[in-house]
Amino acid sequence: MGAGGPDDEDNRWPPWLKPLLQESFFRQCKLHADAHRSECNMYCLDCTNGALCSICLTYHKDHRAIQIRRSSYHDVIRVNEIQKYLDISSVQTYVINSAKVVFLNERPQPRPGKGVTNTCEVCERSLLDSFRFCSLGCKVVGTSKNFQKKSKHSPEKKHLTGPAPVSDSDDSYSSSSHGRRKSSSSPSFTPSTPPPTMVNYRTAKRRKGIPHRAPLGALIMQY
């Protein structure tokens, strides 16, 4: 019973999934750099030997190959390609260029939008209510045995009870470590506040000293 922890974890997913998620796509192929289409946006699920260009793919004729696409600088794959080989349930799908896609890896948001009721269990990106993860990578992480779901209210509690300065209230949606970094640097902004009051005091003094001729004029008229 105690003999199959890590092995069970590895066997949950096909052997090509984690290498796929770690791969870097859309770089120039080193073997076919002079070719017209040398961009590496293909992947062989049987060989798992890195990103391939269209010319490299000719050597994987009878293999299972998928095409990686781009959306807002993030890697995506079409649902009709990946669902033949992988269970993508609980992962939110998006429609891009009239085709349903899923993202390969997480895309954290600095802060969730107003009125958001559901977020990714791993990176806290806003989701529709029927989904748990924003990407394939988040599903792998979020369904592992040692994963601990983040508490949505813990950053706010730390912010309210801790000695954080008032100026950090806008960062309540940031991570706790990021908030600590900002709070430690926030005192450097406090010395900049006194100078405006000193300038205003001097200008106010100058204005009071301007109307000195009025009493003299009044004396000449009476004489």
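Heavy atoms only: backbone and side chains are in, while hydrogens, waters and symmetry mates are out.
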Minimum side-chain heavy-atom gap [X]-[Y] below 4.5 Å:
{"X": "L52", "Y": "C44", "value": "yes"}
{"X": "D62", "Y": "D46", "value": "no"}
{"X": "E23", "Y": "F25", "value": "yes"}
{"X": "P19", "Y": "Y43", "value": "yes"}
{"X": "R64", "Y": "Y85", "value": "yes"}

Are [Y] and [X] connected in a single hydrophobic cluster, I mean Ile/Leu/Val/Met/Phe/Trp/Tyr linked by side-chain heavy atoms less than 4.5 Å apart?
{"X": "V116", "Y": "L127", "answer": "no"}
{"X": "I96", "Y": "I82", "answer": "no"}
{"X": "V140", "Y": "I66", "answer": "yes"}
{"X": "Y94", "Y": "V91", "answer": "no"}
{"X": "L17", "Y": "L45", "answer": "yes"}

About how many Å separate [atom2] of [Y] and [atom1] of [X], when rounded to the nearest 0.5 Å?
{"X": "Q83", "Y": "R78", "atom1": "CD", "atom2": "CZ", "result": "13.0 Å"}
{"X": "R125", "Y": "F131", "atom1": "CZ", "atom2": "CZ", "result": "14.5 Å"}
{"X": "L57", "Y": "C40", "atom1": "CG", "atom2": "SG", "result": "11.0 Å"}
{"X": "C56", "Y": "N49", "atom1": "SG", "atom2": "CG", "result": "8.5 Å"}
{"X": "S126", "Y": "Q92", "atom1": "OG", "atom2": "CD", "result": "9.0 Å"}
{"X": "T48", "Y": "Q22", "atom1": "OG1", "atom2": "CD", "result": "11.0 Å"}

### Task
Given side-chain contact (heavy atoms from CB on, under 4.5 Å), test K61 with Y59 step by step and report yes or no.
CA-CA 6 Å; K61 190 188 294 185; Y59 300 98; over 6 Å; no
Okay, side chain of [X], backbone of [Y]: is any donor-acceptor separation there less than 3.5 Å?
{"X": "D87", "Y": "S89", "answer": "yes"}
{"X": "K84", "Y": "V79", "answer": "no"}
{"X": "K18", "Y": "W13", "answer": "no"}
{"X": "E81", "Y": "Q67", "answer": "yes"}
{"X": "N118", "Y": "L128", "answer": "yes"}
{"X": "R12", "Y": "T143", "answer": "yes"}

### Residue N80 excluded, over 12 heavy atoms near CG under 6.0 Å
yes
### Query
Does a salt bridge link D75 with R69, judged by any charged N lying under 4.0 Å from a carboxylate O?
no
For residues [X] and [Y], report the shortest heavy-atom separation together with the two atoms involved.
{"X": "G137", "Y": "L21", "value": "CA-CD1, 3.7 Å"}
{"X": "S38", "Y": "A33", "value": "OG-O, 3.9 Å"}
{"X": "V141", "Y": "S144", "value": "O-OG, 2.7 Å"}

### Summary
Result for side-chain contact (heavy atoms from CB on, under 4.5 Å) between L20 and one of I77, L86, I68 points to I68
### Task
Carefully, step by step, assess V76 and V102 under the rule side-chain contact (heavy atoms from CB on, under 4.5 Å).
CA-CA 6 Å; V76 301; V102 290; over 6 Å; no
### Query
Are M42 and C53 close enough, and set up right, to give a side-chain contact (heavy atoms from CB on, under 4.5 Å), and what steps lead you there?
CA-CA 6 Å; M42 309 294 294; C53 72; over 6 Å; no
### Query
Under the side-chain contact (heavy atoms from CB on, under 4.5 Å) criterion, do E106 and V122 qualify, and how do the steps go?
CA-CA 8 Å; E106 66 176 34; V122 177; 4.0 Å; yes
### Message
Does anything in residues 127-138 form a side chain to side chain donor-acceptor pair (under 3.5 Å)? List the pairs, not counting sequence neighbours.
### Response
T117-D129, E121-R132
### Query
Do the numbers put R107 on top of the ring of F103, so that NZ or CZ is under 6.0 Å from the six-membered ring centre and no more than 45° off the axis?
yes
